[in-house]
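Every chain is numbered from 1 and lettered A, B, ... according to where its sequence line falls, protein lines coming before strand lines.
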Number of protein chains: 2
Amino acid sequence: MADQIDAMDRKILGELQQDASQSLDEIARKVGSSKTPVWNRIRKMREAGVIGQQTVILDPESLGLEACFFVLVRTNAHEANWQEKFLQVLKRRPEVLEAHRLAGEIDYILKVRVRNAKAYDDFYQALIKEVAIYNVTALLSMEEIKSTTMLPL
Amino acid sequence: MADQIDAMDRKILGELQQDASQSLDEIARKVGSSKTPVWNRIRKMREAGVIGQQTVILDPESLGLEACFFVLVRTNAHEANWQEKFLQVLKRRPEVLEAHRLAGEIDYILKVRVRNAKAYDDFYQALIKEVAIYNVTALLSMEEIKSTTMLPL
DNA sequence: TATGAAAACAAAGTCTC
DNA sequence: GAGACTTTGTTTTCATA
């Protein structure tokens, strides 16, 4: 599917990314097509997994989630078993919004959203209780300059 | 609004986060209410900015965006003017999905999605051409373990 | 034969009471 | 919270190139 995505598909994806609540007619008009072909393209891209979850972006501050940390994790236990357990903890914990395994000195980076510093510490304590970690550096976000889910098309 | 969000609101937000394409009837049934009150709550939360953009999550790989970098930026120019310009560049560049100003030694962290390493270098060269940066560390993601927009409620 | 326009039906959103 | 009205999603049909 990947390379079958043409210019029209990309225009449609752009519209959907920007506002998924728009009607098909509106999208069709904007991309210079009509309802049926646009609908067929969307359906195909959904089936192919190009289009995933439809969601709403919530305001963290309104929900009392006022602290955001980026956590740099170094480990010395590279056994499959350790990694398995570490991954499970990350996936289970809802405050972990992102987790990546990295190339280089730092092994993992996490993005963690919590109420406050105390809540972060609770998370941290729970984490190191479950799995051994060699070194952790927490970077506290002072200001969210930009945050988007919109991929460049 | 922040503290006026009750348990019912949170249930509704949870459903919307998980699948914004669900019908009002379906959400109402799940949270144990009916159409009208649910709709009124959603409308209020939209107006209050608790609920933001409605969007679809696209698969980066399918779109050929196979590289993801976390970029740690240190600067020595803390003048308002410099920051202004730096922020403008970040906001303008679509490959920058996230940008946070940090507390501590590292001044900024960016999350950048691009086609490949070459495309990252293009971004990097363009960035340092526009603003002076003291030190940059790029962390390359090898594996996206978790990536969600769903906030813990 | 494949593609898009258009119509028809079902379902959901929106608003009033 | 029930119901009316309107708009939209979804499917089918039809025309056209």
Side-chain angles (χ1 to χ4, degrees), chain A residues 1-63 147-153, chain B residues 1-64 148-153:
Chain A
M1 178 85 205
D3 38 64
Q4 301 168 33
I5 296 171
D6 64 11
M8 177 60 77
D9 286 327
R10 281 176 195 271
K11 279 205 245 178
I12 294 169
L13 292 175
E15 288 301 325
L16 284 176
Q17 276 197 132
Q18 203 148 29
D19 180 6
S21 73
Q22 303 180 83
S23 74
L24 275 174
D25 283 320
E26 215 168 337
I27 295 170
R29 192 178 49 76
K30 285 186 186 167
V31 303
S33 181
S34 66
K35 219 177 176 182
T36 315
V38 169
W39 191 80
N40 282 323
R41 282 166 182 269
I42 291 174
R43 191 175 43 78
K44 271 181 202 160
M45 290 193 285
R46 259 203 270 261
E47 282 165 10
V50 179
I51 298 175
Q53 197 188 28
Q54 183 163 335
T55 188
V56 292
I57 305 301
L58 303 183
D59 177 40
E61 315 264 318
S62 299
L63 294 161
S147 180
T148 182
T149 58
M150 292 183 53
L151 302 179
L153 306 169
Chain B
M1 178 86 205
D3 37 62
Q4 301 167 34
I5 295 171
D6 64 12
M8 176 61 75
D9 287 327
R10 283 176 193 270
K11 280 204 244 179
I12 294 169
L13 292 175
E15 289 300 325
L16 285 176
Q17 278 197 131
Q18 201 148 31
D19 180 6
S21 73
Q22 301 180 84
S23 74
L24 276 174
D25 282 321
E26 216 167 337
I27 295 170
R29 191 179 48 77
K30 285 185 187 169
V31 303
S33 182
S34 66
K35 218 178 175 182
T36 314
V38 170
W39 191 78
N40 283 324
R41 281 166 182 268
I42 291 174
R43 192 174 44 77
K44 270 180 202 159
M45 289 193 285
R46 260 203 270 262
E47 282 165 10
V50 178
I51 298 174
Q53 198 189 27
Q54 183 164 336
T55 189
V56 291
I57 305 302
L58 304 183
D59 176 40
E61 314 263 318
S62 299
L63 294 160
T148 183
T149 58
M150 293 183 53
L151 302 179
L153 306 168

> Measure the distance from CD on B:Q54 to P on D:dT8 and round it to the nearest whole Å.
14 Å

> Over how many whole Å does the gap from B:I42 atom CD1 to C:dC15 atom P extend?
13 Å

> For A:N40 and B:G32, take the nucleotide of DNA chain D holding the closest heavy atom to each; which residue's nucleotide lies nearer the 5' end?
B:G32

> Assess whether salt bridge (Lys or Arg N to Asp or Glu O under 4.0 Å) is satisfied between B:R41 and B:D6, documenting all intermediate values.
CA-CA 10 Å; B:R41 281 166 182 268; B:D6 64 12; 2.9 Å; yes

> Have a look at A:E26 and say if it touches a base, only the backbone sugar-phosphate, or nothing, with a 4.0 Å heavy-atom cut-off.
nothing

> Send over the distance from A:E47 CD to D:dT10 P, rounded to a whole Å.
12 Å

> From D:dG1, D:dT10, D:dT8, pick the nucleotide closest to the side chain of B:S33?
D:dG1

> State whether the distance check finds a donor on one side and an acceptor on the other, under 3.5 Å, for side chain B:K35 versus base D:dG1.
no

> Hydrogens and angles aside, do B:Q4 and B:K44 bring a side-chain donor and acceptor to less than 3.5 Å of each other?
no

> Figure out the CZ/P separation between A:R43 and D:dT12, and round it to whole Å.
11 Å

> Does B:R43 pair with B:E47 as a salt bridge, N-O distance under 4.0 Å?
yes

> Nearest whole angstrom, please: distance from the P of C:dA2 to the NZ of A:K44.
11 Å

> In this structure, how many angstroms lie between the P atom of D:dA4 and the CH2 atom of B:W39, rounded?
18 Å

> Determine whether any donor atom in the side chain of B:S34 lies under 3.5 Å from an acceptor atom in the base of D:dA2, or the reverse, and answer yes or no.
no

> With respect to the side chain of B:T36, which nucleotide from D:dT8, C:dT16, C:dA12 is positioned closest?
C:dT16

> Write down the atom of B:D59, the atom of A:L151, and the distance for their closest heavy-atom approach.
C-CD1, 4.3 Å

> Expressed in angstrom and rounded to an integer, what is the separation of A:M8 atom CE from C:dG4 atom C1'?
12 Å

> With a 3.5 Å cut-off and no angle check, do the side chains of B:D19 and B:S21 form a donor-acceptor pair?
yes

> Round to a whole Å and report the spacing from CG of B:D25 to P of D:dG3.
13 Å

